[in-house]
Every structure is written in C-alpha cells, then in structure tokens.
Amino acid sequence: MQINGIHHVTAISGPARRNLDFYGRVLGLRLVKKTVNFDDPGTYHLYYGDVAGAPGTILTFFPWEHAAPGRLGVGETQETVFRVPEGAIGYWAHRFIEHGVPHDVPVKRFGESVLAFRDPDGMRLALVGLPGIEREAAWDGGDVPAEHAIRGFHSVSLLLEDAAPTAAILGDVLGFKEIGREDTLIRYRAEGAALGTIVDLRVAGGFLPARQGAGSVHHVAFRAADDAAQEEMVRRLAENHGIRTTEQRDRNYFRSVYFREPGRVLFEIATDAPGFAVDEPAATLGQALKLPAGLETQRARIEALLPELG
Ligand code: ZN
C-alpha cells in the first residue's frame, strides 16, 4: 500500500548549540543524527525525531552561527505542527511559561486544540492535542515525560498567493485529499499513515514574498515508500504538471528529489529507506558526528570548523 505524508521538514536556525538546547531539552525530541550540511560541510545538519527518526517525525536544521532572520511571506511554510496527547496541552503551556518560550493562548482549529509557539529564532511551531494517542510510543530520554511527549508531525501550513496550483500537486502527485475549510485555511489529508498526514493551505493574496533566513522552513519533504514510488511521482510531476525535479540525490538516510511547487514552496520527495540506523547503532543515534564516505578524509578539518554543541 502506498504510504503518503510528510517525511521531514528542514529549517534554518541560528547557533547550533541554542538549537540543540531548545529541540532536545525544551521540546524533548531525540537528536537522531549529527552530521554536516553535505553542500557546506563546515556547518552542521542536525536531525530531531522520535526514538528511531521515523518518517513523519523528523525536523532537521541547518544552523548558522550568524544567520540573518527570515521574514515570513507567501511561497513559504508558515507553521510546523506536532502531535501531543490531548491531555498534555496544559503541561506544555506551563512548560513554555517556565522556559520563557513565546506562545499564544490555545485555540480551536478544525475542532482540535492548538497551542502555537516560537523557537529561539522565531520559527512558527504549534502543538495539536489529539485524543487516543497517549499509548503511542514516545521518546522519553530527555526532560519531557513520555505521557506528554511529542508524537511526530501533525501538519504543516503553507502560505500561498493561490491554493489551486499547489492543491493540484498535493492531490495528483503526493496523495492528499481536501477534507475541510475554515477561515482562510484549506485542509488536505493523506491516507495510509498516522503521522504527518495534513497539509493546510493558507491563501494570503497580496502578502510580501518570503525572505529565507533563521526561523524559516527551507523545504518540506514528502514520503515515497521506495525508489519506484518516487520515480512514479517524478513521472506524474513531469507528464501531468510540466514540473521537472532534480536528479535523485543520496542523502545517506534517504534518497531525494527536489522541486519548486507552483506556489514557490520548495518540496522534496524522500524515500523511507534506509533510515538513520544505517551508519550507527539505533541505541546511540545522534551521539557521534557522522560524515558521508566522501567527507571522511576531511574529518579533522571539519571537526575543527564546527562549533561546540555544549
Ligand atoms: Zn530534506
């Protein structure tokens, strides 16, 4: 069966140490991979997720020590939303006060409780409280008790000039269907997975275009079960929508193609395999600096360039 949904979200942040403190300690996500930006090996690429870094739980960052702040605008991901048990919203509101995390009062969206907050770079995040997910496995290796812990992605929302062209790609290529409308939001859901199954399109005609920087989402990656499923999606993009992707790139933990969807948001299609345990034991994910084979000979130089993570 085809499994669709969000595979990972990649964003730009300020200093790596502050990023790790926020996502690892305050939010209680597991650092599942510590590697470098393959296109700029003097900077980190940090991956956070559940215990295994399963597709639908992975938030990754390119941290830059001196990144200029981004400015939210059309053609960009507006908000990245995690799932928590319904009863945990109060715990999180309290935790945000305790840790000085900027947040809003909880609101209802499509009947669900949503607690919006910001990371130290101003990245827009939210928690959605869902009934019946308390018993789902959760990473509790950090400060957050398992009963309250984040259980993967709920959704992303995209800020767009016009919804229809992006909706066509979500529907025809990425396996999503429209399931509802509320205010300026149109909600799409993918079948076949539990995590990361929702994309909300927010139409905001006349808004300024996005300027990427710290706090901006760089791209959203969608799942392909394997190379054949990815190839089929690439074919549909080309034949039905006239969109060409990049060549497939080997990202070590998944294999990816990239394209700019018609609303200007950068999309990726990433394979579920091979996953994060391909180059280190599952029990110690994220502890050692992992480099792709081609960069191993430069390890000493790269390690000297990377900032201390604390
Ligand atoms: Zn990616």
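We count ligands from 1, going down the list as the structure has it; atoms in each ligand are counted the same way. Everything numeric here is computed off the predicted structure, so don't read it as measured data.
- With hydrogens and angles disregarded, no donor-acceptor distance shorter than 3.5 Å links the side chain of Arg251 to the backbone of Arg255.
- Each of Tyr47, Tyr48, Tyr253 was checked for a side chain to side chain contact (heavy atoms under 4.5 Å, CB included) with Val32, and the lone residue meeting it is Tyr47.
- Not one N or O on the side chain of Glu182 forms a donor-acceptor pair closer than 3.5 Å with the backbone of Leu185.
- Among the atoms of His7, no N, O or S atom falls under 2.8 Å of the Zn ion (ligand 1).
- Contact between Leu27 and Ile150 at its shortest, heavy atoms only, is O-CD1, 3.9 Å.
- The N, O or S atom of Glu268 lying closest to the Zn ion (ligand 1) is OE1.
- At least one N, O or S atom of His219, from either the backbone or the side chain, sits less than 2.8 Å from the Zn ion (ligand 1).
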